[in-house]
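Here is the structure we will look at.
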Amino acid sequence: MANVSLKHIYKVYPNGTKAVNDFNMEIQDKEFIVFVGPSGCGKSTTLRMIAGLEDISAGELKIGDLIVNDMEPKDRDIAMVFQNYALYPHMTVYDNIAFGLKLRKLPKDEIHNKVVEAAEILGITDYLNKKPKEMSGGQRQRVALGRAIVREPKVMLLDEPLSNLDAKLRTQMRAEISKLHTKLQTTFIYVTHDQVEAMTMGTRIVVMKDGFVQQIDTPKNLYNYPANKFVAGFIGTPQMNFFEGTLLKTGENVSIRFEGSEAEITVPYSMLYKAKPAYLDGKTKVCIGLRPEDASLTDEKANGGNSVIKVKVSHKEELGSETLIYGDINLENDSYGESSTRIIIKDSGERELQAGDVINVALNLNRVHLFDKETEQCVLPRIPEYNYLDCEVKSGKLRFLGAELDLPSAAQCPDLKGDLLIPTDAVTFDGNLKAEVVSREHMCGVNLLSLTLNGKRLYAVSHDCDEGKAIDGAGSTVNIGIDFKKITIISDGEKVLTPMPALNQFACSFVKRKSVEEVEESGKTKKKKRIRFGFTVGENFFEASEENSQKIFAALGIKKAFTTGLKMECGAYDLTVSDSGIAASVMEALDYGSEKFLKCSVGENVVYVKCSEDISGDIRLLPDFGKVGVVETQREIKII
Ligand code: ADP
């Protein structure tokens with residue numbers, strides 16, 4: 001039983017293939033995690049790094065409280081089950097299961113008890129004296145599972161264990177592995193390319209593509225709230241229908257138009273509050289996603305027509321309990337094959353349909369998904385990043401949503417009318433504006449607060465710790481303010497005010513320094529050579545901690561560690577003005593009201609530093625090495 005923590009894990013194979021990029025996840029004890037994605041997406045590589053069968057190029061892997069990056073697989077307290085069972089053909093089932101325990105020199109009767117117990121759990125007691133070749137695929141995989149569970153590992157790793165089995169047996173073994181997980185109360189990490197396997201077994205699923213994590217969530221959330229078009233299409237059979245379209249806001253409604261057809265539906269604007277207004281101009285192309293079960297045959301009048309589109313039937317597939325109707329929303333099309341206007345509808349199959357029939361299909365408006373055409377990211381994220389608002393600046397005052405705030409000196413703008421972008425995490429809970437809480441939802445580790453300010457919608461995210469007791473629930477009032485260093489104001493297409501960058505970056509190198517130090521030994525002063533490793537930024541040398549030096553060597557190797565281009569990253573709060581350190585020159589003192597910062601030049605870089613007093617001229621800056629990140633510039637790998 002153990003947590004598994006993956007922080008900024010990368011895998012670059014010697015041939016340069018970047019198989020895993022910046023994998024971050026905290027796996028809780030006893031979770032059943034499934035890594036899923038198409039072939040080559042990096043799921044096995046990630047699992048093999050956890051197992052210790054593959055070196056980790058950069059990042060930190062913890063099992064329980066221990067960093068295991070350099071620990072041998074046998075010492076990691078894990079057990080692994082592979083697709084090909086990896087049994088010893090000449091040994092009986094009993095000996096196969098007992099093998100690892102014998103190697104560990106456990107007493108004979110203890111081994112016997114464990115083998116018998118595992119065989120009972122897996123229903124293979126009658127086969128203990130048989131050899132693997134006398135058994136079916138499913139039975140062999142049970143033996144492999146038995147061999148893993150007798151080790152009582154902290155973490156069970158399973159790499160496509162059911163891929164060699166036929167469909168029926170796979171379904172049965174799926175249920176058995178889930179039961180086994182409940183019985184063993186151990187952390188399971190399971191790799192599969194099969195989304196049905198992932199959905200039915202995982203407590204949380206990691207969807208991967210091209211070496212990048214796309215989304216980590218529960219099966220239900222992945223299905224209902226896919227973060228992008230890839231996840232939407234990967235999860236669910238038959239696949240989600242995708243169409244190109246546009247959104248046009250008129251009054252309190254938005255019409256969703258389907259390209260290449262006459263189809264159009266209308267939804268209340270309240271369903272699209274979280275969308276960036278630019279999507280609602282009737283011109284910007286979006287991708288409309290609709291699951292086959294969210295479309296149903298209907299009588300147009302019964303639904304008032306708002307959610308009804310016309311579909312020309314092409315053919316159908318009877319699946320017994322349901323029928324898949326294939327059709328096209330372009331009534332000119334008779335498409336049997338792929339077409340950008342093709343639709344699949346999951347139906348009960350009661351109505352007789354012929355090819356060429358034009359039917360009315362009602363779409364479940366609450367379940368229409370929208371994605372950006374270019375980035376493929378969800379247009380209606382569960383947690384919106386920004387509030388997009390109209391604003392006016394007049395004589396140093398910012399007006400938005402019927403409220404007025406004094407702009408601090410660092411955020412001064414000329415008089416204008418324009419757009420204001422307030423990140424949802426820039427709404428603070430210590431200001432003078434009174435907002436009403438409409439709803440408060442806990443998701444993805446934060447609270448999303450839907451507020452109204454003078455009757456108009458504003459989203460805010462908060463962590464339980466920064467709310468304190470300030471926020472009750474729906475219907476309560478809360479005092480809010482704006483973190484001005486995070487906002488953007490746009491007028492006539494030009495950014496008049498931009499946020500203070502969240503990260504400072506400096507070029508740096510990793511170096512070795514030899515020094516001779518005088519040490520006292522038995523009353524005598526002796527000279528001793530010492531080698532120190534550290535980072536240089538400009539002229540400055542900062543000694544690296546042992547842990548950080550090891551991370552650099554592990555990621556770059558001994559030779560390349562000293563010649564690879566690196567950059568140091570830290571926030572404005574991670575630098576302090578000091579007597580020694582990196583030479584900087586103050587360009588501007590920034591007063592954001594409740595906080596002050598200095599904008600400085602360091603060589604060719606501009607950096608921001610938190611500072612409580614106004615300072616000018618030349619200063620020195622000390623980074624807080626507990627918080628500084630180090631990135632290898634060429635491959636963009638975060639090493640520390
Ligand atoms: P998956 O398990 O998702 O099918 P893998 O983790 O096996 O994918 O592979 C991820 C990527 O890394 C693929 O592009 C694959 O070709 C590449 N890869 C895997 N093993 C090696 C290796 N030993 N050397 C070089 N590239 C590899």
Side-chain angles (χ1 to χ4, degrees), residues 4 6-25 27 32-61 63 68-70 72-73 76 78-86 141 144 148 155-165 170 173-174 177 188-202 204-217 219 222 226-235 237 239 554-557 560 632 634-638:
V4 179
L6 297 108
K7 280 202 186 118
H8 301 298
I9 297 283
Y10 291 81
K11 176 69 191 183
V12 187
Y13 281 109
N15 67 359
T17 306
K18 236 175 146 184
V20 179
N21 293 276
D22 205 11
F23 193 119
N24 287 290
M25 187 177 188
I27 299 174
F32 194 133
I33 297 297
V34 182
F35 296 166
V36 70
S39 178
C41 70
K43 49 195 189 300
S44 298
T45 301
T46 310
L47 193 79
R48 290 169 61 81
M49 285 193 282
I50 299 173
L53 302 174
E54 207 67 74
D55 286 340
I56 297 171
S57 305
E60 182 183 278
L61 173 68
I63 298 180
V68 298
N69 286 46
D70 299 321
E72 289 289 320
R76 293 190 185 198
I78 44 129
M80 190 146 171
V81 177
F82 300 90
Q83 174 178 349
N84 61 6
Y85 326 125
Q141 196 52 286
V155 184
M156 281 276 264
L157 305 176
L158 303 104
D159 192 355
E160 304 250 10
L162 308 184
S163 293
N164 283 354
L165 309 182
R170 254 200 332 256
M173 285 295 286
R174 227 158 56 198
I177 291 179
F188 272 45
I189 308 177
Y190 188 106
V191 161
T192 179
H193 62 275
D194 179 346
Q195 58 95 17
V196 178
E197 225 164 270
M199 292 293 277
T200 49
M201 299 171 87
R204 281 196 298 160
I205 299 172
V206 181
V207 183
M208 296 181 74
K209 182 191 171 205
D210 299 339
F212 289 90
V213 171
Q214 303 292 306
Q215 191 171 354
I216 301 179
D217 220 324
L222 282 183
N228 58 38
K229 188 179 166 192
F230 175 78
V231 175
F234 192 76
I235 302 286
T237 38
Q239 220 201 34
L556 303 175
K560 287 202 173 146
E632 186 214 313
Q634 199 194 352
R635 295 180 296 174
E636 274 295 322
I637 288 182
K638 190 165 169 65

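Just so you know, ligand 1 is whichever comes first in the structure, and atom 1 is the first atom listed for that ligand.
Of the listed residues (Thr192, Ile177, Asp194), just one forms a side-chain contact (heavy atoms from CB on, under 4.5 Å) with Leu162, and that residue is Ile177.
Judged as a ring pair (Phe, Tyr, Trp, His ring centres under 6.0 Å), and not counting sequence neighbours, the contacts of Phe234 are Phe230. Residues passing the salt bridge (Lys or Arg N to Asp or Glu O under 4.0 Å) test with Arg76: none are found, sequence neighbours excluded.
Among pairs with a residue in residues 40-58, those fulfilling salt bridge (Lys or Arg N to Asp or Glu O under 4.0 Å) read Lys11-Glu54, Arg48-Glu54, at least two apart in sequence or across chains.
A heavy-atom cutoff of 4.0 Å around ligand 1 is satisfied by the protein residues Tyr13, Asn15, Thr17, Ala19, Pro38, Ser39, Gly40, Cys41, Gly42, Lys43, Ser44, Thr45.
Scanning both residues, Asn21 and Tyr10, for their nearest heavy atoms gives CA-CD2, 3.9 Å.
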Evaluate the criterion side-chain hydrogen bond (donor to acceptor under 3.5 Å, both in side chains) for residue pair Glu197 and Tyr190; output intermediate values, then yes/no.
-> CA-CA 10 Å; Glu197 225 164 270; Tyr190 188 106; 2.7 Å; yes
